[in-house]
Amino acid sequence: MAALDLETLKKELNPEQYRAVTTVDGPILIIAGAGSGKTRVITFRIAHMLDIGIPQSQILALTFTNKAAREMEERIKDLTQKKLQNLTVSTFHAFGVKILRQEITALGWRENFSIYDETDRNSLIKETGRELGFTADNLDVYKIGNLFSNIKCGRKTWNGENDMYKQLYEGYQAGLKLYNAVDFDDLIVLPIKLFRENPEILQKYRSRFKYIMIDEFQDTSHQQYEFMHLLADKNVAVVGDDDQSIYSWRGADYQNIVNFEKDFPGMQEIRLEQNYRSTETILAAANGVISHNTNRKEKKLWSGNDSGKPIEIFMPDNETDEASFIAESIQGIAMEEKLKYDQFGVLMRANTQSRPIEEAFLEANIPYTMSGGTSFFQRKEIKDVISYLRVIANHDDDVNLIRIINVPRRGIGRATLEIFNDYALQNHCSLWTAITDLMAMPDGVLSDKTKLLIQEFLDIIEGNTSMISGKGLSKKVRNLVEEINYWDYLISDNPKSEKAARFKYLNIEHLIQSIETWENNPDNYDANLYNYLNRITLLSRDDGDDENNLGKVNLMTIHASKGLEFPVVFIAGAEDGLIPHARSIEDGEGNVEEERRLFYVAITRARDKLFISSCQKRRKMQATVECTPSRFLDEIPPNLVEYHEPSQVVSDDKAQDILARMAEMFKAPEDQI
DNA sequence: CGTCTCCAGGTTTTT
DNA sequence: CCTGGAGACG
């Protein structure tokens with residue numbers, strides 16, 4: 001499609017969409033119900049802006065997930081057939097990185113800073129805690145990590161209850177700075193600080209980005225809102241739907257919609273209420289569910305589509321049965337209706353649900369992609385390699401240095417590390433500085449043998465600094481992996497299973513190949529190590545190219561499914577305790593409303609056909625527990641639903657039940673049978 | 001002093 | 001199943 005003249009737009013869009021696309025100046029709020037063509041409006045809007053001569057460099061579009069950002073960019077490219085070198089489409093966090101890469105020296109960091117993910121953060125907390133004399137029992141790093149995040153983002157303050165961690169927090173912050181590192185929250189918090197303290201820097205960005213657009217606005221946190229507010233003049237378009245706000249646990253607050261009205265006078269509100277996606281049945285089910293929420297903007301989402309087929313609810317016995325039910329149904333429907341596998345979406349509440357489903361797919365030879373879940377980049381072997389890259393990029397990155405200084409084993413143990421650590425503490429320097437200082441000392445602080453071992457490590461890091469600039473990153477990484485003999489390490493570390501070792505090695509191979517693809521991408525004109533590291537830290541999962549996902553069933557969490565749609569959708573594990581999640585139920589009604597929105601999001605992903613399954617039993621840790629169907633199932637108007645009774649093998653079931661109970665009784669005294 | 005082995009615990013959702 | 005930690009062993 002070449003020109004997007006107004007005639008064409010009028011034909012392609014309904015009147016509200018048309019207004020949203022062509023209102024380019026001034027603040028606008030687009031309330032976009034599920035399936036109302038939101039993505040289409042955003043992409044057309046940007047294409048239209050380019051068409052009327054607004055330079056790419058003045059446009060900033062912010063999203064929440066990398067997937068959404070990539071998809072938006074793709075669509076605009078398709079629509080305009082233009083190169084988009086100067087258009088900024090990115091997640092809030094990635095945009096924060098971009099700014100910090102340019103400006104962070106103003107805040108006292110050096111520009112090759114590392115970004116710490118949750119694991120890194122927790123290691124740093126643990127390390128700092130040990131120095132401050134915390135014992136293992138009052139150092140729950142998981143809990144403390146969350147607390148620190150809440151403190152940093154202003155969601156919590158120090159009170160009598162958590163004061164004991166204040167010093168630890170300060171130590172943590174000092175550690176980040178000493179190691180030239182920032183955490184995820186800093187990616188939003190530090191740019192705000194930067195803008196506040198340096199008006200001239202802020203002005204630079206304000207005058208560059210004249211047109212700002214924010215997708216999924218209901219999921220912005222106060223920080224993100226403030227970030228945007230600082231940058232924006234008046235041409236801001238925010239797009240959202242309060243019914244799809246599902247990130248409040250991360251600080252999202254859809255009250256920002258109200259703030260927006262206040263902070264940007266003259267705002268125009270546009271409502272997109274026609275759903276183009278789903279059948280009348282699916283939409284009515286979704287509306288039935290969401291209407292139970294008390295705290296929402298009333299809206300009337302309607303669809304011009306047919307009523308379609310009823311929603312089917314199944315009650316499999318357990319999660320294994322559920323998985324094979326899903327696999328078999330997909331095979332059957334794909335065959336009968338001539339659908340491709342990528343037209344199916346299987347949605348679940350928690351990543352832990354994926355395993356049995358994946359196994360069923362493997363068994364049935366159904367190709368699938370799983371987004372979310374234990375991230376590729378969280379795998380131990382991948383983290384090891386990446387840690388080398390990080391230390392090469394930033395020698396002062398203690399957390400990553402500790403991770404690899406003795407991996408693969410090279411004879412540098414706890415005691416040696418303790419010497420470095422003491423020196424670093426006394427001299428307020430990083431471990432790397434401590435190591436090089438101590439290596440230079442003639443006296444016998446370090447034994448000659450130790451010195452030799454350390455030198456070996458230092459040589460590896462320093463011998464690879466050429467990675468930082470220049471071409472051929474993937475080749476250099478491959479050489480590095482060989483240089484450190486990682487393959488031998490994998491074999492010795494997985495003595496029982498060479499298969500496991502090979503699997504891990506293949507993961508590394510996959511990593512190297514992805515670096516290769518990345519550096520050969522013509523759009524990527526500066527394929528250096530820093531840029532690579534920035535990119536992957538924000539890539540929480542291996543959400544590979546969409547092209548790779550052609551012909552594969554989409555398995556994902558409901559959170560990850562936002563913004564997507566599939567002709568056929570399965571919602572797995574619709575049980576109380578999973579959705580709504582047990583933790584949310586504990587925390588009160590407000591959280592149940594968020595879970596309901598989550599369920600609403602899940603339902604509205606479906607275009608033609610929706611299956612919901614609720615297991616009667618489910619394995620949780622070691623035990624098998626009885627499940628009750630999700631309370632949300634009762635909120636779907638019954639006339640839309642076809643219930644399938646539990647399979648008729650009752651006698652078998654009962655027998656198993658009795659057996660299980662007997663096993664319980666005998667298990668008590670001894671741990672046998 | 002470093003390495004290996006065995007054992008317990010598992011953390012909702014994501015950048 | 002997989003990871004991290006404690007403690008035994010060489």
Side-chain angles (χ1 to χ4, degrees), chain A residues 62-69 90-97 115-119 121-123 126 136 140-143 145-146 149 153 182-188 216 219-221 223-224 246-252 347-353 355 359 371-375 377-381 383 403 406-419 447 449-450 453 492-497 500 503-504 534-541 543 556-562 573 577-587 591 594-595 597-598 601-602 620-622:
Chain A
L62 294 171
T63 63
F64 279 80
T65 61
N66 299 298
K67 204 175 193 158
S90 99
T91 64
F92 268 97
H93 288 81
F95 184 61
V97 174
I115 303 167
Y116 280 3
D117 67 13
E118 234 137 294
T119 320
R121 177 188 75 187
N122 291 350
S123 320
K126 205 186 299 168
D140 179 344
V141 281
Y142 182 77
K143 224 180 69 207
N146 280 334
S149 172
C153 296
V182 303
D183 64 23
F184 269 153
D185 296 317
D186 285 330
L187 298 180
I188 310 295
E216 309 285 8
D219 286 327
T220 44
S221 66
Q223 273 68 39
Q224 288 164 329
I246 54 177
Y247 283 98
S248 73
W249 49 276
R250 213 176 76 184
L347 310 184
M348 55 207 179
R349 173 67 238 268
N351 288 308
T352 45
Q353 290 171 253
R355 194 167 275 273
E359 276 164 14
S371 41
T374 329
S375 141
F377 291 99
Q378 308 267 65
R379 290 179 174 286
K380 202 175 156 306
E381 62 276 17
K383 280 216 95 170
R403 183 181 182 93
N406 201 32
V407 172
R409 246 144 253 145
R410 51 173 73 87
I412 304 169
R414 259 199 300 273
T416 315
L417 215 52
E418 212 44 54
I419 298 172
S447 72
K449 192 176 144 229
T450 310
L453 298 170
S492 68
D493 216 41
N494 297 280
K496 272 172 290 197
S497 149
F503 177 72
K504 290 178 182 204
N534 288 342
R535 182 173 164 277
I536 57 161
T537 315
L538 299 177
L539 225 57
S540 69
R541 43 181 127 91
D543 44 13
M556 63 184 75
T557 63
I558 301 173
H559 282 89
S561 77
K562 202 160 65 147
L578 259 179
I579 184 160
H581 198 277
R583 297 224 175 183
S584 305
I585 300 173
E586 281 166 28
D587 293 352
N591 284 290
E594 173 144 319
E595 296 283 312
R597 290 194 291 272
L598 200 49
V601 168
K620 246 182 192 165
M621 312 251 233
Q622 265 79 358

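Note on naming: letters A, B, ... go to the chains in the order of the sequence lines (proteins, then strands), and numbering restarts at 1 for each one.
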Task: For Arg355(A), side chain to side chain contact (heavy atoms under 4.5 Å, CB included) partners two or more places apart - done: Glu359(A)
Would you say [N] has OP1 or OP2 under 4.0 Å from some side-chain N or O of [X]?
X: Thr557(A); N: dT14(B); answer: yes
X: Thr352(A); N: dT12(B); answer: no
X: Asn591(A); N: dT12(B); answer: no
X: Asn406(A); N: dT3(B); answer: yes
X: Asn351(A); N: dT12(B); answer: no
X: Arg583(A); N: dT13(B); answer: no

- [ ] Choose from dT12(B), dT14(B), dT15(B) the nucleotide whose nearest atom is closest to any side-chain atom of His93(A).
- [x] dT15(B)
Task: Residue closer to the 5' end of DNA chain B, Gly411(A) versus Trp249(A) (nearest nucleotide) - done: Gly411(A)
- [ ] Tell me which of His581(A) and Thr416(A) sits closer to the 5' end of DNA chain B, going by the nucleotide each one is nearest to.
- [x] Thr416(A)
- [ ] Name the nucleic acid region contacted by Phe92(A), choosing base, sugar-phosphate or nothing; use a 4.0 angstrom heavy-atom cut-off, strictly under.
- [x] nothing
Open item on the list: Heavy atoms only, 4.0 Å cut-off, all strands: where does Lys504(A) land among base, sugar-phosphate and nothing?
Closed with: sugar-phosphate
- [ ] For the pair Glu594(A) (side chain) and Ser248(A) (backbone), establish whether a donor and an acceptor sit closer than 3.5 Å, ignoring hydrogens and angles.
- [x] yes
TODO: Using only heavy-atom distances, decide whether a donor-acceptor pair under 3.5 angstrom links the side-chain of Arg349(A) to the base of dT13(B).
DONE: yes
TODO: Take Thr119(A) and Arg355(A), find for each the nucleotide of DNA chain C with the closest heavy atom, and name the residue whose nucleotide sits nearer the 5' end.
DONE: Arg355(A)
TODO: Could you tell me the separation between the CG atom of Asn146(A) and the CD atom of Glu118(A), rounded to the nearest 0.5 Å?
DONE: 7.0 Å
Task: Point-to-point distance, once rounded to the nearest 0.5 Å, from CD of Gln378(A) to CG of Asp117(A) - done: 5.5 Å
Protein N or O to nucleotides 5-8 of chain C N or O, pairs below 3.5 Å:
{"residue": "dG5(C)", "atom": "OP1", "partner": "Lys126(A)", "partner atom": "NZ", "Å": "2.6"}

TODO: Please step through side-chain contact (heavy atoms from CB on, under 4.5 Å) for the pair Phe64(A) and Thr220(A), ending with a clear verdict.
DONE: CA-CA 9 Å; Phe64(A) 279 80; Thr220(A) 44; 3.7 Å; yes
Open item on the list: With side-chain contact (heavy atoms from CB on, under 4.5 Å) as the criterion, how do Trp249(A) and Arg583(A) come out once you've worked through the C-alpha distance, each side chain's angles and the decisive distance to 0.1 Å?
Closed with: CA-CA 11 Å; Trp249(A) 49 276; Arg583(A) 297 224 175 183; over 6 Å; no
